[in-house]
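See structure below.
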Amino acid sequence: MNQSSMRKKSLAEYRAVIFDLDGTLYYQKPFRIRMLFYLFGHMLRHPSAIGDMLLIKRYREVREKWEDYERTMSFPADMPLEDRQYEFIAAQKKVTVSRVADAVRFYMHEAPLALLPYYKDAMLSDAIEKLRRKNVSVVIYSDYPVEEKLRALGIEADWHFTSSDKKINCMKPDPKGLQVILATLGLQAEDVIMVGDRYEKDGLAAIGNRMDYLIVSSSKKEREKLTDILT
């Protein structure tokens, strides 16, 4: 079921709309199934990749509960978020930091790009174009890198931010990321809405800033019920 807290009738009534990317701008469930087939084929051709798959699995688990894991280690205050996570996993798995970083770069950031366009949410993409034509600022904010994915999806935004940005350096639902975005855009929370697919990440990050939010379903049929809100 969609969860939303909107004080306006449509996204076009806000001065800026902040979109999550993964699971929001494309349908994540069918995409992940397709990726599993790709990875299975890749491992058949390259058996040594099994070790990298285990690193990726652990990487995803750690990122989901990073706040808990981070408390168990001491990092320099200015150490980038991704470097902290790579170092944490490398220590756990007894491998080099560069091996973790290379596995994440290839399997999570590069390999998916060719498949993403097949699972793009055309309705949200169209909504983004309409919002920009109406001079509503479109912002992309993700816990993962966004530039290459946006290019693969054929989506243009006015601004984009990630959890690894120097001024943010934390993951959702930490409210700091949205605070940085508001300060950068020079807007107040009531002027902006967060659109994402996970209440426990996107919704709570918005609530932490007293910002409106819209949580979209993973179901295309359910999303299509939002047509009037998106325009």
Side-chain angles (χ1 to χ4, degrees), residues 2-4 11 14 16-35 56 59-60 63-64 66 81-82 85 104-132 136-165 167-178 180-182 184-185 192-206 209 211-220 222-223 226 230:
N2 294 322
Q3 301 178 55
S4 65
L11 299 188
Y14 293 87
V17 181
I18 303 174
F19 290 89
D20 170 55
L21 198 158
D22 296 291
T24 300
L25 299 185
Y26 64 91
Y27 293 101
Q28 197 165 52
K29 287 184 178 180
F31 167 76
R32 284 185 172 177
I33 293 172
R34 180 78 175 271
M35 274 301 297
I56 294 300
Y59 177 75
R60 295 181 65 88
R63 282 179 66 91
E64 280 297 306
W66 177 241
L81 175 65
E82 285 187 346
Q85 294 171 343
V104 170
R105 175 183 50 77
F106 178 73
Y107 293 103
M108 296 194 66
H109 302 327
E110 294 180 1
L113 295 178
L115 300 178
L116 280 179
Y118 298 101
Y119 304 98
K120 172 181 175 179
D121 184 328
M123 185 174 69
L124 281 183
S125 177
D126 182 60
I128 285 174
E129 292 181 7
K130 290 178 179 177
L131 288 169
R132 297 185 74 213
V136 177
S137 294
V138 170
V139 181
I140 309 298
Y141 172 38
S142 173
D143 280 335
Y144 292 94
V146 302
E147 291 186 62
E148 293 300 323
K149 288 181 179 178
L150 288 177
R151 193 172 294 114
L153 291 167
I155 293 175
E156 294 185 8
D158 300 296
W159 303 83
H160 52 77
F161 300 82
T162 77
S163 62
S164 298
D165 290 348
K167 289 185 178 181
I168 297 178
N169 211 35
C170 62
M171 296 178 65
K172 304 171 190 174
D174 192 310
K176 181 182 176 183
L178 290 180
V180 169
I181 294 172
L182 289 173
T184 302
L185 271 63
V192 183
I193 183 169
M194 176 80 211
V195 179
D197 68 314
R198 299 180 63 182
Y199 172 80
E200 67 274 18
K201 295 285 187 178
D202 306 303
L204 292 181
N209 287 278
M211 181 186 294
D212 288 4
Y213 63 90
L214 172 66
I215 303 302
V216 297
S217 170
S218 60
S219 163
K220 182 177 181 180
E222 288 297 316
R223 288 194 187 196
L226 299 174
L230 297 179

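Checked against side chain to side chain donor-acceptor pair (under 3.5 Å), Lys130 has the following partners two or more places apart in sequence or in another chain: Asp126. Residues that satisfy the side chain to side chain donor-acceptor pair (under 3.5 Å) test with Glu129, not counting sequence neighbours, are absent from this structure. Evaluation of the side chain to side chain donor-acceptor pair (under 3.5 Å) rule for Arg34 yields Tyr119 as partners, not counting sequence neighbours. Legend: residues meeting salt bridge (Lys or Arg N to Asp or Glu O under 4.0 Å) with Asp212, ordered by chain and number and at least two apart, are Arg7. Under the side chain to side chain donor-acceptor pair (under 3.5 Å) criterion, Glu147 pairs with no residue at all, not counting sequence neighbours.
Here the shortest heavy-atom pairing between Phe19 and Met194 reads C-CE, 4.2 Å. For the residue pair Leu25 and Leu150, the shortest heavy atom distance occurs at CD1-CD2, 4.1 Å. The nearest pair of heavy atoms linking Thr184 to Trp159 is CG2-CZ3, 3.5 Å. Considering every non-hydrogen atom in both Ser218 and Lys29, the closest pair reads OG-NZ, 3.7 Å. Summarising the geometry of Cys170 relative to Gly177, their closest heavy-atom pair is SG-N, 4.3 Å, with the distance given to 0.1 Å. Nearest approach of Ser163 to Leu81, heavy atoms of both residues: OG-CD2, 3.6 Å.
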Tabulate below the donor-acceptor pairs under 3.5 Å that side-chain atoms of residues 106-116 make, not counting sequence neighbours, or state none.
from: Tyr107; atom 1: OH; to: His42; atom 2: NE2; distance (Å): 3.1
from: Glu110; atom 1: OE1; to: Arg105; atom 2: NH1; distance (Å): 3.4
from: Glu110; atom 1: OE2; to: Arg105; atom 2: NH1; distance (Å): 3.0

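Of the listed residues (Asp143, Asp22, Asp202, Asp197), just one forms a salt bridge (Lys or Arg N to Asp or Glu O under 4.0 Å) with Lys172, and that residue is Asp202.
Between the side chain of Asp158 and the backbone N or O of Val138, at least one donor-acceptor pair lies under 3.5 Å. Under the 3.5 Å distance criterion, the side-chain polar atoms of Asp165 are left unmatched by any main-chain donor or acceptor of Lys167. Proximity of a side-chain donor or acceptor of Ser125 to a complementary backbone N or O of Asp121 within less than 3.5 Å is not detected.
Residue Arg198 holds its CZ atom at 4.0 Å from CD of Glu64, rounded to the nearest 0.5 Å. The structure places CD1 of Ile18 at 4.5 Å from CD1 of Ile181, a figure rounded to the nearest 0.5 Å. With values rounded to the nearest 0.5 angstrom, Tyr118 atom OH is found 16.0 Å from Tyr26 atom OH. Once rounded to the nearest 0.5 Å, the distance linking NZ of Lys201 with CD1 of Ile215 reads 12.5 Å. In this structure, the separation between CG on Asn209 and CG on Leu204 is 11.5 Å, given to the nearest 0.5 Å. Distance check, rounded to the nearest 0.5 Å: CD of Glu82 to CD of Gln85 gives 7.0 Å.
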Apply the test side-chain contact (heavy atoms from CB on, under 4.5 Å) to residues Leu11 and Val136: give CA-CA distance (whole Å), side-chain angles for both, the deciding distance (0.1 Å), then the verdict.
CA-CA 9 Å; Leu11 299 188; Val136 177; over 6 Å; no
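Residue-environment remark: CD (Glu156) stays at or below the threshold of 12 foreign heavy atoms within 6.0 Å.
The shortest distance between side-chain heavy atoms of Ile56 and Val104 falls below 4.5 Å. You'll find the side chain of Ile168 stays beyond 4.5 Å of the side chain of Thr162, heavy atoms only.
Between the side chains of Tyr144 and Arg63, at least one donor N or O sits under 3.5 Å from an acceptor N or O.
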